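Note that the structure is predicted; figures quoted are calculated from it, not measured.
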Amino acid sequence: MKQVMSNKLVIALYTLPALVLILALVYVPIILTGYYGLMDWDGIGAMTFIGLENYIELLQDGKFWESAYHSFLLAAFSTLSLAGYLIISLVLANKLKGSELLRKIYLIPMLLSSVAIAQLWLKIYDPNNGMLNSFLELLGVENTPVWLADSKLVLYAIFIAIIWQYAGFYIIIYSAALKGIPESLVEAARIDGANPIQIAYKIKVPLIAGVIKVTVILAIVGSLKYFDLIYVMTGGGPNGASEVIASYMYKEAFGSYNFGYGSAVGFALLVICLVITWLIRKLTADDEEIQY
């Protein structure tokens with residue numbers, strides 16, 4: 001068996017199906033998206049080559065940059081929320097009473113689709129019969145907000161729904177990383193007189209720094225290409241106040257039948273995600289991962 005697995009032809013045959021799938025489902029669509037961005041095309045008729053006109057128009061498009069600002073704002077919020085997920089994971093890692101039940105509760109949003117979550121939060125934010133405004137009225141608030149129709153509040157309202165949606169995902173990742181820390185290190189710190197906060201900040205967090213870096217990349221890139229929940233809840237409204245790059249791309253391609261320009265927006269989104277991922281990896285490349 002060892003001799004067979006060392007044969008380069010056998011290795012190539014085993015890896016070929018995966019390589020073909022990756023090529024067909026990832027790299028070919030990326031190349032085609034960039035290619036369509038060079039065309040004037042309505043998605044049905046003949047394509048007309050226009051060179052870089054779509055990309056030049058993109059750089060001058062105020063709506064694109066406004067949607068990009070919203071995407072980056074969402075990415076910043078998502079990155080900051082990781083601190084909350086990490087704190088919850090650190091607390092649950094102390095094996096407190098009921099911690100296992102809480103872990104299961106945090107997993108509930110992962111069992112629901114984004115559309116179902118969007119519908120749930122639409123009911124919560126309903127200005128007339130929603131649970132949130134009903135609670136505020138009980139507290140004596142007279143002019144309750146119209147959460148998804150207020151351009152100043154809509155992004156924050158959506159962000160709360162996204163925090164709830166992804167809480168279980170990141171808590172699972174952090175909890176798994178924390179479980180991998182040898183108990184002997186924690187016990188040694190306790191013997192030396194370290195309190196729980198010091199153990200968490202000076203021992204546990206540095207030991208899972210690599211995992212934290214990965215979650216930062218996931219949070220930022222995931223936020224930049226986020227689409228489904230926002231589209232269902234607001235459709236990018238009101239007046240573009242919750243428009244993000246992905247929803248703007250969808251509207252241009254499938255709403256305005258401007259597939260060439262929509263492809264240019266999609267390719268620009270890909271480039272932005274790649275650049276940000278590279279920057280994060282570059283900025284954290286000098287960090288030495290602690291071995292234990």
Going by atom types alone, do [X] and [Y] pair a side-chain donor with an acceptor below 3.5 Å?
X      : Y      : value
Ser263 : Thr33  : no
Tyr248 : Asp61  : yes
Thr215 : Tyr174 : yes
Ser114 : Asp228 : yes
Asn258 : Trp41  : no

Check: To the nearest 0.5 Å, how far apart are CG in Leu224 and SG in Cys273?
Finding: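 That separation rounds to 5.0 Å.
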Would you name the heavy atoms of [X] and [Y] that are closest together and state the gap between them?
X      : Y      : value
Pro29  : Leu23  : CD-O, 4.2 Å
Ile158 : Ile230 : CG2-CG1, 3.7 Å
Asp126 : Asn133 : O-ND2, 4.0 Å
Ala219 : Ser78  : O-CB, 4.1 Å
Tyr36  : Asn54  : O-ND2, 4.4 Å

Item checked: For Glu243, salt bridge (charged side-chain N to carboxylate O under 4.0 Å, His left out) partners two or more places apart ->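 Once residues adjacent in sequence are excluded, the partners of Glu243 under the salt bridge (charged side-chain N to carboxylate O under 4.0 Å, His left out) criterion are Lys251.
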Are any non-hydrogen side-chain atoms of [X] and [Y] less than 4.5 angstrom apart?
X      : Y      : value
Pro182 : Leu185 : yes
Phe72  : Ile276 : yes
Ile117 : Ile162 : no

Margin query: Using the rule that Ile, Leu, Val, Met, Phe, Trp and Tyr join whenever any side-chain heavy atoms are under 4.5 Å apart, tell me whether Ile30 and Tyr35 fall into a single cluster.
Written below: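 Both belong to a single hydrophobic cluster.
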Notebook entry, point to check: Is it true that Val244 and Val232 fall in one hydrophobic cluster, defined by side-chain heavy atoms closer than 4.5 Å?
Noted result: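 Unlinked, Val244 and Val232 end up in two clusters.
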Note to self: Parallel, tilted or perpendicular: which one describes the rings of Tyr55 and Phe267, with boundaries at 30° and 60°?
What the structure shows: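 Perpendicular: the ring planes of Tyr55 and Phe267 meet at over 60°.
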Next item on the list: Anything under 30° is parallel, anything over 60° is perpendicular, the rest tilted; go ahead and classify Tyr250 against Phe227.
Entry: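 Ring orientation, 0 to 90° scale: tilted.
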Notebook entry, point to check: Would Glu252 and Lys63 pass as an ion pair if we require N to O under 4.0 Å?
Noted result: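 Salt bridge absent between Glu252 and Lys63.
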For [X], I'd like to know if atom [atom1] has over 12 heavy atoms of other residues, nucleotides or ligands within 6.0 Å.
X      : atom1 : result
Asp192 : CG    : yes
Tyr69  : OH    : no
Leu13  : CG    : yes

Margin query: For the aromatic rings, using the six-membered ring if either is Trp, is the centroid distance between Tyr85 and Tyr166 under 6.0 Å?
Written below: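 Tyr85 vs Tyr166: aromatic centres not under 6.0 Å.
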